[in-house]
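Each remark here refers to the structure printed beneath this line.
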Amino acid sequence: MPELPEVETIKNELAPHIIGHTITGITLFDERIVRQPPVEEFGSRLIGETITEIGRRGKYLLFSLTSGQTLVIHLKMTGSLWLIPPDRFTRAVIHLDGDKKIYFRDPRKFGVMWLVEDKNTVTDKLGPEPLEEGFTAKRLSKALARRTAPIKALLCDQNVIAGIGNMYADEALFLAKIHPMRPGGSLKPAEIKRLYNAIRQVLTAAINDKGASVDTYFRPDGQIGTAHFQFRVAHRRGQSCPVCGTPLQRIPVRNRGSYFCPKCQPEV
DNA sequence: CCCGGAACCTGAAGGC
DNA sequence: TGCCTTCAGGTTCCGG
């Protein structure tokens, strides 16, 4: 699942290949992949545009274009962007000059694209970027204050913090020794500080490992990332806690599988 | 505003 | 072997 480290890796590895290149055509194998504007306008407004910059906000990829428009891509659960032809799950192709292509692969068809005049119309509700300076333990504390929802759900809420999903929420909560069902507002200052540090540590390490290929995440050259080999609890069904050896538990939180150590992350 | 659950989607995996 | 059910989860929508 592409979360912040995966999207960041895709951005970094795509950039040197496509910045400065001009879009010459768009192929859509399923028009539902375009959320905005109407699909008839999408291609014509993109053709002739040159990609000047690639950014990331949360899990959104932002392709800046010469006209000032932004092509926004969200890979959702199973999307990936390839510089080489993938397989039958290609849902769209962005053709560039010099015979380059960006293939949008997405088995489950959740991924979407927008072409907008102002990228903020898509990303303005997102919470802070966890790896930027504006994100502080104090800000995390304020975001969690008086919230009764499980901390796991709040970490995955893009309006609270941008970019964290199921995998890295589990990893951060394990490092911080916090039970996923704890109400957000019940965390003590020391716990918030631990959680803050854990979030930054987990995301930074995963970026260094080029993301986690637990399911359908691939890098633009088709390679996998290796961050999942460092996972302590996430997706480790049936395995034991790497710290104390207790069998890991899996419980649903907001209908999402959540892995944790019942001994290292006690309920109270 | 806050919270929780359903819906979207389809391949993979497991049960019988 | 093959059919059927369940699981996976980011985001959005909806009801309370």
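Just so you know, these numbers use all the heavy atoms, side chains as well, and skip hydrogens, waters and symmetry mates. A, B, ... follow the sequence lines: proteins, then strands. Residue 1 opens every chain.
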**Q.** Residue pairs, two or more places apart or on separate chains, that pass ring-ring contact (aromatic ring centres under 6.0 Å, His included) and touch residues 240-268 of chain A
**A.** A/H179-A/F260
Find the distance [X]:[atom1] to [N]:[atom2] and express it as a whole number of Å.
X	N	atom1	atom2	answer
A/Y259	C/dA8	OH	C1'	9 Å
A/F110	B/dG11	CZ	P	12 Å
A/M113	C/dG10	CE	P	21 Å
A/E3	C/dA8	CD	P	15 Å
A/N166	C/dA8	CG	P	9 Å
A/N159	B/dC1	CG	P	10 Å
A/K109	C/dT12	NZ	P	20 Å
A/K125	C/dT11	NZ	C1'	13 Å

Main-chain N/O of [Y] paired to [X] side chain as donor or acceptor, under 3.5 Å:
X	Y	value
A/Q265	A/C261	yes
A/S186	A/P183	yes
A/H228	A/S213	yes

Q) Contacts to DNA chain B from residues 248-256 of chain A, heavy-atom cutoff under 4.0 Å, which residues? A) A/R254, A/N255, A/R256
OP1 or OP2 of [N] sitting under 4.0 Å from any side-chain N/O of [X]?
X	N	answer
A/H74	C/dG10	no
A/R146	B/dC1	no
A/Q158	C/dG10	no

Q | Candidates A/R56, A/K210, A/R57 - the one meeting salt bridge (Lys or Arg N to Asp or Glu O under 4.0 Å) with A/E8 | A | A/R56
Q: Could you tell me how the ring of A/Y60 sits relative to the ring of A/W114: parallel (under 30°), tilted (30 to 60°) or perpendicular (over 60°)?
A: tilted
Q | From A/R250, A/K152, A/R256, A/R232, residue fulfilling side chain to side chain donor-acceptor pair (under 3.5 Å) relative to A/D170 | A | A/K152
Q: Compare the minimum distances between each of B/dG4, C/dA8, C/dG10 and the side chain of A/K76, then state the nucleotide with the smallest one.
A: C/dG10
Q. The side chain of A/R237 lies closest to which of these nucleotides: C/dA8, C/dG10, B/dC3?
A. C/dA8
Q.
Quick check on the 6.0 Å ring-centre criterion: do A/F29 and A/Y103 meet it?
A. no
(Q) By the 4.0 Å heavy-atom rule, please label A/T148 as base, sugar-phosphate, or nothing. (A) sugar-phosphate
Short heteroatom pairs, N/O only, protein and nucleotides 12-14 of chain B, under 3.5 Å:
none

Q.
Would you say that more than 12 heavy atoms from the other residues, nucleotides or ligands in this model lie under 6.0 Å from the CG of A/D87, or not?
A. yes
